[in-house]
Amino acid sequence: MGFYFVITAAIRLFTAVFEPLLPTGWRVTSTISNLLIILGGVIILRNQAFSTATLTTMVVIVAGFGWIVEGVMSILESELSSNRALAILSGALSIIAGMFVFIYPLWSAKMLVIFSGAALLVFGVTLIVRAIQFGKLVH
């Protein structure tokens, strides 16, 4: 991600400086924002462990916020549901899960990484088994 930020921002910075038809306001804004993106990319490259932890925690917090919003919407829309009690229970559990993520973001990030790794391992094994079975069907 750090390399991506540095390379793409450098290209856009070059364009902002040397593009003759770009208005002055856009040129200045683009130059400043791309210099900040390059700085962010360098920080990510220099502090990879910290950057990884920070980005993972941010993803988890966004997911927690999403769960809270989903829970509130589920409760608000429960009147339209055929099983109102289940919709309210689902909404309450989503809100509790979202609050738990806000209270324990680092633990939640760790669990997200473990769960994602386990899920990818299961998906990989499943794909290998399917590929072997598909190979037997072709012959």
Side-chain angles (χ1 to χ4, degrees):
M1 191 171 223
F3 283 123
Y4 172 77
F5 284 167
V6 170
I7 292 169
T8 57
I11 292 169
R12 289 195 313 241
L13 181 63
F14 180 82
T15 303
V17 171
F18 294 108
E19 175 62 42
L21 301 177
L22 197 62
T24 304
W26 283 101
R27 186 180 313 276
V28 171
T29 305
S30 183
T31 301
I32 292 170
S33 64
N34 284 307
L35 286 173
L36 289 173
I37 293 170
I38 289 172
L39 177 65
V42 169
I43 290 171
I44 288 173
L45 290 171
R46 302 249 349 196
N47 304 308
Q48 292 179 6
F50 177 74
S51 299
T52 302
T54 302
L55 290 172
T56 305
T57 304
M58 292 299 293
V59 167
V60 167
I61 289 173
V62 168
F65 180 74
W67 283 343
I68 291 173
V69 170
E70 179 182 340
V72 169
M73 293 306 296
S74 179
I75 290 171
L76 291 176
E77 293 175 344
S78 66
E79 292 180 13
L80 304 174
S81 176
S82 61
N83 193 343
R84 187 167 188 234
L86 188 60
I88 291 173
L89 176 66
S90 171
L93 289 175
S94 288
I95 292 170
I96 291 169
M99 289 173 32
F100 185 84
V101 166
F102 283 141
I103 294 169
Y104 302 106
L106 295 177
W107 185 84
S108 300
K110 182 179 176 183
M111 290 299 111
L112 174 70
V113 170
I114 291 171
F115 177 77
S116 298
L120 289 172
L121 184 65
V122 169
F123 292 147
V125 169
T126 303
L127 288 174
I128 290 170
V129 169
R130 289 183 65 201
I132 291 170
Q133 289 177 345
F134 182 74
K136 289 181 182 177
L137 291 174
V138 173
H139 294 298

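Every value quoted in this text rests on a predicted model; they were computed, and no experiment measured them.
- Counting heavy-atom neighbours within 6.0 Å of Phe102 CZ, excluding the residue itself, gives a total above 12.
- The two residues Arg27 and Pro20 have their closest heavy-atom pair at NH2-O, 3.9 Å.
- Across every non-hydrogen atom of Val101 and Ser108, the tightest pair is CA-OG, 3.6 Å.
- Legend: ring pair (Phe, Tyr, Trp, His ring centres under 6.0 Å) pairs involving residues 13-37, not counting sequence neighbours, sorted by first then second residue: Phe14-Phe18.
- Using a distance-only test at 3.5 Å, with no hydrogens or angles considered, no donor-acceptor pair links the side chain of Ser90 to the main chain of Ala87.
- Under the 4.5 Å side-chain heavy-atom criterion for grouping Ile, Leu, Val, Met, Phe, Trp and Tyr, Leu127 is not connected to Ile132 through any hydrophobic cluster.
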Could you list the donor-acceptor pairs under 3.5 angstrom formed between side-chain atoms of residues 115-126 and any protein atom two or more places apart in sequence or on another chain?
residue: Ser116; atom: OG; partner: Leu112; partner atom: O; Å: 2.8
residue: Thr126; atom: OG1; partner: Val122; partner atom: O; Å: 2.7

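- Annotation for Ala109 and Thr56: closest pair CB-CG2, 3.7 Å, computed over non-hydrogen atoms.
- Annotation for Met58: atom CE does not count as buried by contact number, only 12 or fewer foreign heavy atoms lying within 6.0 Å.
- Residues satisfying the side chain to side chain donor-acceptor pair (under 3.5 Å) test with Ser30, not counting sequence neighbours, are Asn34.
- Side-chain contact between Ile95 and Ile75: present, with at least one pair of heavy atoms (C-beta onward) separated by less than 4.5 Å.
- The CD1 atom of Ile38 sits 12.0 Å away from atom CD1 of Ile43, with the distance rounded to the nearest 0.5 Å.
- For the residue pair Pro105 and Val60, the shortest heavy atom distance occurs at O-CG1, 4.1 Å.
- The OG1 atom of Thr52 sits 10.0 Å away from atom CG of Asn47, with the distance rounded to the nearest 0.5 Å.
- The two atoms that bring Val6 and Val42 nearest to each other are CG2-N, 3.9 Å, heavy atoms only.
- Counting heavy-atom neighbours within 6.0 Å of Phe100 CZ, excluding the residue itself, gives a total above 12.
- In this structure, Met111 is a member of the same hydrophobic cluster as Ile103, with clusters built from ILVMFWY side-chain heavy atoms closer than 4.5 Å.
- By the 4.5 Å heavy-atom criterion applied to side chains, Leu106 and Lys110 are not counted as neighbours.
- Residues Ile68 and Ile61 fall within the same hydrophobic cluster, defined by Ile, Leu, Val, Met, Phe, Trp and Tyr side chains chained together at heavy-atom separations under 4.5 Å.
- Put simply, Leu22 and Ile11 are part of two different groups of oily side chains (I, L, V, M, F, W, Y) that touch within less than 4.5 Å, one to the next.
- Considering CD of Glu70 and CG of Leu93, their distance stands at 11.0 Å, rounded to 0.5 Å.
- Put simply, CZ on Arg12 and CD1 on Ile37 are 4.5 Å apart, with the number rounded to the nearest 0.5 Å.
- A chain of hydrophobic side-chain contacts below 4.5 Å, direct or via other Ile, Leu, Val, Met, Phe, Trp or Tyr residues, connects Trp67 to Val59.
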